[in-house]
Amino acid sequence: MSINPNMAEVASLLGETSRATMLASLMDGRYHTASELAYMANIKPQTASFHLAKLVEGNLIKVEKQGRHRYFQLANEDIAQFLETFLAISPPPEVRSLKQSSQIQLLQDARTCYDHLAGKLGVHLTDSMVNSGYLQKEQNEYVVTPDGVAFFTQFGIDLEKLKRKRRSFCHACLDWSERRHHLAGALGHGLLTHFLDLEWITRVPTIRAIKVTEKGRKGFKQVFHMDVK
């Protein structure tokens, strides 16, 4: 008898294309209905409901009921980080249309990884904060330096409030498209939320891509010394 966790059970959940597609779609960190996820996976709602029940049973996603509606979300940040790492070792999709090519490019440029920034924007932002001395990399974690405390406070990020959250504060997440680390954890989420509030970035409907606004291009240049398209 094996004493190790049953990896085959998780692998079987990921081994079905529709389930894998829905899990990837849920990496935007938001709640989605079965109908929305069915559309994203190009399957019938009844089929989506069957697969979603399997994912809930496997503790990969959670469901919240509001009246007659049910909304699905990834179970937690650990699942999102696992999926991002899994994507990093997965072969790229076969591009079959101009629309698909455009969407892939958008995701590679900037996207959400559960509740923080990823893609070129997320990696370059992390590099900028490390190079500026605000963050220091220590194995799989980032540490906020004294200069970083002053910077984030001035930028409007409440570090003490973020540290009180029951989650990792400032860890490194492997980016599947860049093959390098970006900032995750409570601080990564705090920055994403702040960028949205400042209207530096905006979400792209139907996929988890992020677009930088004209206001954001100026802001990233002024505050983080980044040239963003």
TODO: Please confirm whether the backbone N or O of Glu9 pairs with a side-chain atom of Ser12, one donor and one acceptor, at under 3.5 Å?
DONE: yes

Task: Nearest atoms (heavy-atom pairs only) where Glu141 meets Ser168 - done: OE1-OG, 4.3 Å

Open item on the list: Looking at Arg96, is its backbone amide N or carbonyl O close enough to the side chain of Gln100 to form a donor-acceptor pair, meaning the two atoms are under 3.5 Å apart?
Closed with: yes

TODO: Would you kindly confirm whether Tyr31 and Met40 end up in one hydrophobic cluster when ILVMFWY residues are joined by side chain heavy atoms under 4.5 Å apart?
DONE: no

Task: Lys/Arg-Asp/Glu bridge criterion (N-O < 4.0 Å) met for Arg111, Asp175 - done: yes

Task: His171 side chain to Gln81 side chain, donor-acceptor N/O pair below 3.5 angstrom - done: yes

Open item on the list: Aromatic contact between Tyr142 and Phe169, with the criterion being ring centroids under 6.0 Å apart: yes or no?
Closed with: no

TODO: Check whether any side-chain heavy atom of Asp109 lies under 4.5 Å from a side-chain heavy atom of Leu121, and answer yes or no.
DONE: no

Open item on the list: How about CZ on Phe82, more than 12 heavy atoms from neighbouring residues, nucleotides or ligands closer than 6.0 Å, or not?
Closed with: yes

TODO: Consider only side-chain heavy atoms of I, L, V, M, F, W and Y, link residues closer than 4.5 Å, and tell whether Leu87 and Leu174 are in one cluster.
DONE: no

Open item on the list: With a sphere of 6.0 Å drawn around NZ of Lys218, does it hold more than 12 non-hydrogen atoms of other residues, nucleotides or ligands?
Closed with: no

- [ ] Could you tell me whether the side chain of Ser101 and the main chain of Ser97 form a donor-acceptor pair under 3.5 Å?
- [x] no

Open item on the list: Quick check against the 3.5 Å criterion: does Ser128 have a side-chain atom that pairs as donor or acceptor with the backbone of His124?
Closed with: no

TODO: Flag the pair Leu125 / Phe195 as yes when at least one side-chain heavy-atom distance between them is below 4.5 Å, and no otherwise.
DONE: yes

TODO: Please check if atom OH in Tyr39 has more than 12 non-hydrogen atoms from other residues, nucleotides or ligands closer than 6.0 Å.
DONE: no

Open item on the list: If you define the side chain from C-beta out and look only at heavy atoms, does anything of Glu160 sit under 4.5 Å from Arg164?
Closed with: yes

Open item on the list: One pair to check against side chain to side chain donor-acceptor pair (under 3.5 Å): Glu77 and Tyr114. What are the steps and the verdict?
Closed with: CA-CA 7 Å; Glu77 186 182 10; Tyr114 190 56; over 6 Å; no

Task: Side-chain heavy-atom pair Met129, Gln136 within 4.5 angstrom cut-off - done: no

Task: Pairwise distance CE(Met226) to NZ(Lys221) - rounded to 0.5 angstrom - done: 10.5 Å

TODO: Step through the shown structure and confirm whether more than 12 heavy atoms of other residues, nucleotides or ligands are within 6.0 Å of CG on Asp158.
DONE: yes

- [ ] Quick one: closest heavy-atom pair of Ala80 and Met27, and the distance?
- [x] O-CE, 3.7 Å

Task: Nearest non-hydrogen partners of Ala41 and Thr21, listed with the distance - done: CA-CG2, 3.8 Å

Open item on the list: Running the 4.5 Å side-chain criterion over Ile, Leu, Val, Met, Phe, Trp and Tyr, what cluster does Ile207 land in, apart from itself?
Closed with: Leu106, Val204

Task: Same apolar cluster: Leu37 and Leu60, side chain cutoff 4.5 Å - done: yes

Open item on the list: As an exercise, state the distance from OG1 of Thr193 to CG of Leu162, rounded to the nearest 0.5 Å.
Closed with: 9.0 Å

Open item on the list: Atom CD of residue position Glu214 - does it have more than 12 heavy atoms of other residues, nucleotides or ligands inside 6.0 Å?
Closed with: yes

TODO: For Arg19 and Leu13, work out which heavy atoms get closest and say how close.
DONE: NE-O, 3.0 Å

- [ ] For the pair His181 and Cys173, evaluate side-chain contact (heavy atoms from CB on, under 4.5 Å) and give the outcome as yes or no after the intermediate values.
- [x] CA-CA 5 Å; His181 290 105; Cys173 181; 5.8 Å; no

TODO: State whether the side chain of Thr213 and the backbone N or O of Glu199 hold a donor-acceptor pair below 3.5 Å, judged by distance alone.
DONE: yes

Open item on the list: If I compare all heavy atoms of Glu178 with all of Gln108, which pair ends up nearest, and what's the gap?
Closed with: OE2-O, 4.3 Å

Task: Pairwise side-chain contact, Val144 with Leu159, heavy-atom cut-off 4.5 Å (strictly under) - done: yes

Task: Distance, nearest 0.5 Å, that separates CD of Glu57 from CG of Asn59 - done: 9.0 Å

Task: Atom NZ of Lys62: over 12 foreign heavy atoms under 6.0 Å - done: yes

Open item on the list: Does any part of the side chain of Ile89, heavy atoms only, come nearer than 4.5 Å to the side chain of Thr85, both counted from C-beta?
Closed with: no

TODO: Could you go through the side-chain contact (heavy atoms from CB on, under 4.5 Å) check for Phe220 and Ile201 one step at a time?
DONE: CA-CA 10 Å; Phe220 282 116; Ile201 58 175; 4.2 Å; yes

Open item on the list: Looking at Arg203, I'd like to know if its CZ atom is crowded, meaning that more than 12 non-hydrogen atoms belonging to other residues, nucleotides or ligands lie closer than 6.0 Å.
Closed with: yes

Open item on the list: Looking at Glu64, I'd like to know if its CD atom is crowded, meaning that more than 12 non-hydrogen atoms belonging to other residues, nucleotides or ligands lie closer than 6.0 Å.
Closed with: yes

Task: Distance, nearest 0.5 Å, that separates CG of Asp28 from SG of Cys113 - done: 11.0 Å

Open item on the list: Hydrophobic cluster membership, with links at side-chain heavy-atom distances under 4.5 Å among I/L/V/M/F/W/Y: are Val63 and Ile79 in one?
Closed with: yes

Open item on the list: One pair to check against side chain to side chain donor-acceptor pair (under 3.5 Å): Arg180 and Thr126. What are the steps and the verdict?
Closed with: CA-CA 10 Å; Arg180 294 167 59 204; Thr126 303; over 6 Å; no

Open item on the list: Using the ring pair (Phe, Tyr, Trp, His ring centres under 6.0 Å) criterion, which residues pair with Phe155? Sequence neighbours excluded.
Closed with: Phe151, His194, Trp200, Phe224

TODO: Give the C-alpha distance, both sets of side-chain angles, the deciding distance and a yes or no for side-chain contact (heavy atoms from CB on, under 4.5 Å) between Leu23 and Ile61.
DONE: CA-CA 8 Å; Leu23 284 170; Ile61 65 174; 3.7 Å; yes

Open item on the list: Distance alone, cut at 3.5 Å: any donor-acceptor contact between the side chains of Thr112 and Arg30?
Closed with: no

Task: Spacing of OG belonging to Ser90 relative to CG belonging to Leu14, to within rounding of 0.5 Å - done: 9.0 Å

Open item on the list: Any side-chain to backbone donor/acceptor pair from Thr145 onto Gly133? Under 3.5 Å, distance only.
Closed with: yes

Task: Leu187 side chain near Lys165 side chain, heavy-atom distance below 4.5 Å - done: no

Task: Separation of Gln105 CD from Ser102 OG (nearest 0.5 Å) - done: 8.5 Å

Open item on the list: For Val143 and Leu135: C-alpha separation, side-chain torsions, deciding distance, then whether side-chain contact (heavy atoms from CB on, under 4.5 Å) applies.
Closed with: CA-CA 6 Å; Val143 175; Leu135 297 178; over 6 Å; no

TODO: Measure across Lys137 and Gln139 and return the closest heavy-atom pair with its distance rounded to 0.1 Å.
DONE: CE-O, 2.9 Å

Open item on the list: In this structure, would Val123 and Leu83 fall into the same cluster of hydrophobic residues linked by side-chain contacts under 4.5 Å?
Closed with: no

